[in-house]
Amino acid sequence: MQQDEVAARVRQVIDAAGVSAREFARRIVIDPSKLSRSLNGTRRFTAAELARIADIGDVDLGWLLGSASGAAVTASPVRSASAPRPPVPSPEGGRPLQIVRETVRLIAERGFHAVRVADIAAACHTSTAAIHYHFPGRDELLEAAVRWCMDEDTRRRADVTAGTRHAGDELRLLIELQTPRTEQQRRQWCVWLDLWAEAARSTTVGRLHGEYYRQWRGTVADVIRRGVEQGVFRPVDADGAALALTALIDGLASQVLATEPGGQDNAVPGTGAQAMHDALIAHVDACLTAPTTN
């Protein structure tokens, strides 16, 4: 089948899913720009990407590829009657997202290099062949895990700050979100710490790391910039202030995770999550908050 025909069928799947292309890219765990280029014919879908599209869209892979096994499906993107179905219901979000979520959890618990494909398969109650079907290599799986973490972090920030008008309140919400108090927050930070080391060695992870931090620092800079306009913050260089604040968040979080193994009950005095939060608020008050006038 020609590349443009494959792209047309993928568009059918996206339309049937009733979501935006960006959201569909999140569900199949690829860079939205890769999906866009593939749909526009300037890039070919990989076999693994098409497998994930078939899984998420509940369509027959043969139909996507135009092979004889998918010939029964011609007008609409639905799985053919002859296509085998899994013996158990599909996991929430589909198999690819389940694989990525379990990979992230295992990385947080053990570190990336200690996680085997067999461990991921066991956590997903599937086979190693099924893992390789969706993510042929460890590099592709790591890239998907990084991207999923990025998307989840961005989504949580948007949810937490939705409707907040006061820039000072919004910045404090962002600080609270980055303070590793809960198990989920600690797990997220454990993954980031592991991926920072990978970013120093891997071009792909390094690129994603840079992409995420440009986005994150841009978010903080925008809040600071609005705070300056509102008179909440001093007239500072927003980009420079965002760089300093995000670097302080990273450094303090690293100390919390290193000195608070297993949770706050084991914290070294003065180094726990609350101490981190207090230090960040003190920094904002000292360096950003505009003095009040009587």
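Among residues two or more places apart in sequence or in another chain, the side-chain contact (heavy atoms from CB on, under 4.5 Å) test is passed with Ser33 by Asp31, Arg37. The side-chain contact (heavy atoms from CB on, under 4.5 Å) check on Leu243 picks up Arg217, with sequence neighbours excluded. With sequence neighbours left out, the side-chain hydrogen bond (donor to acceptor under 3.5 Å, both in side chains) criterion links Ser127 to no other residue. With sequence neighbours excluded, the residues that form a salt bridge (Lys or Arg N to Asp or Glu O under 4.0 Å) with Arg157 are Asp153. In this view, Arg172 and Asp285 satisfy the side-chain hydrogen bond (donor to acceptor under 3.5 Å, both in side chains) rule, not counting sequence neighbours. Residues passing the side-chain contact (heavy atoms from CB on, under 4.5 Å) test with Cys124 are Arg95, Gln98, Ile99, Glu102, Ile120, Thr126, sequence neighbours excluded. Remark: Leu248 pairs with Leu252, Leu280, His283 by the side-chain contact (heavy atoms from CB on, under 4.5 Å) rule, at least two apart or across chains.
Here salt bridge (charged side-chain N to carboxylate O under 4.0 Å, His left out) pairs that include residues 160-170, with residues two or more places apart or in two chains, are Glu170-Arg226. Every pair passing ring pair (Phe, Tyr, Trp, His ring centres under 6.0 Å) that includes a residue from residues 163-195 is listed here, sequence neighbours excluded: Trp192-Tyr212. Applying the side chain to side chain donor-acceptor pair (under 3.5 Å) test to every pair with at least one member in residues 108-123, sequence neighbours left out, gives these pairs: Arg105-Glu109, Arg110-Asp119, His113-Glu198, Arg116-Asp119. Residue pairs that meet the side chain to side chain donor-acceptor pair (under 3.5 Å) test with at least one member in residues 228-248, sequence neighbours left out, are Arg225-Asp239.
To the nearest 0.5 Å, atom CD of residue Glu49 and atom CG of residue Leu35 are 8.5 Å apart. Here the CD atom belonging to Gln188 is positioned 4.5 Å from the SG atom belonging to Cys149, to the nearest 0.5 angstrom.
Both Leu61 and Leu39 belong to a common hydrophobic cluster when Ile, Leu, Val, Met, Phe, Trp and Tyr are linked at side-chain heavy-atom distances under 4.5 angstrom. No path of Ile, Leu, Val, Met, Phe, Trp and Tyr side chains, each step under 4.5 Å between heavy atoms, connects Leu245 with Leu173, placing them in separate hydrophobic clusters. Cluster membership for Val19 and Leu64, using ILVMFWY side-chain heavy atoms within less than 4.5 angstrom, is shared.
Test Val236, Thr219, Val232 against Ile224 for side-chain contact (heavy atoms from CB on, under 4.5 Å) and you get one pass: Val236.
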Show the atom names and distances, to 0.1 Å, of all donor-acceptor pairs under 3.5 Å that link a side chain in residues 131-138 to residues at least two apart or in another chain.
from	atom 1	to	atom 2	distance (Å)
His132	ND1	Pro136	O	3.2
Arg138	NH1	Val115	O	2.7
Arg138	NH2	Phe112	O	3.2

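For Gln185 and Thr179, the side-chain atoms include no donor-acceptor pair closer than 3.5 Å.
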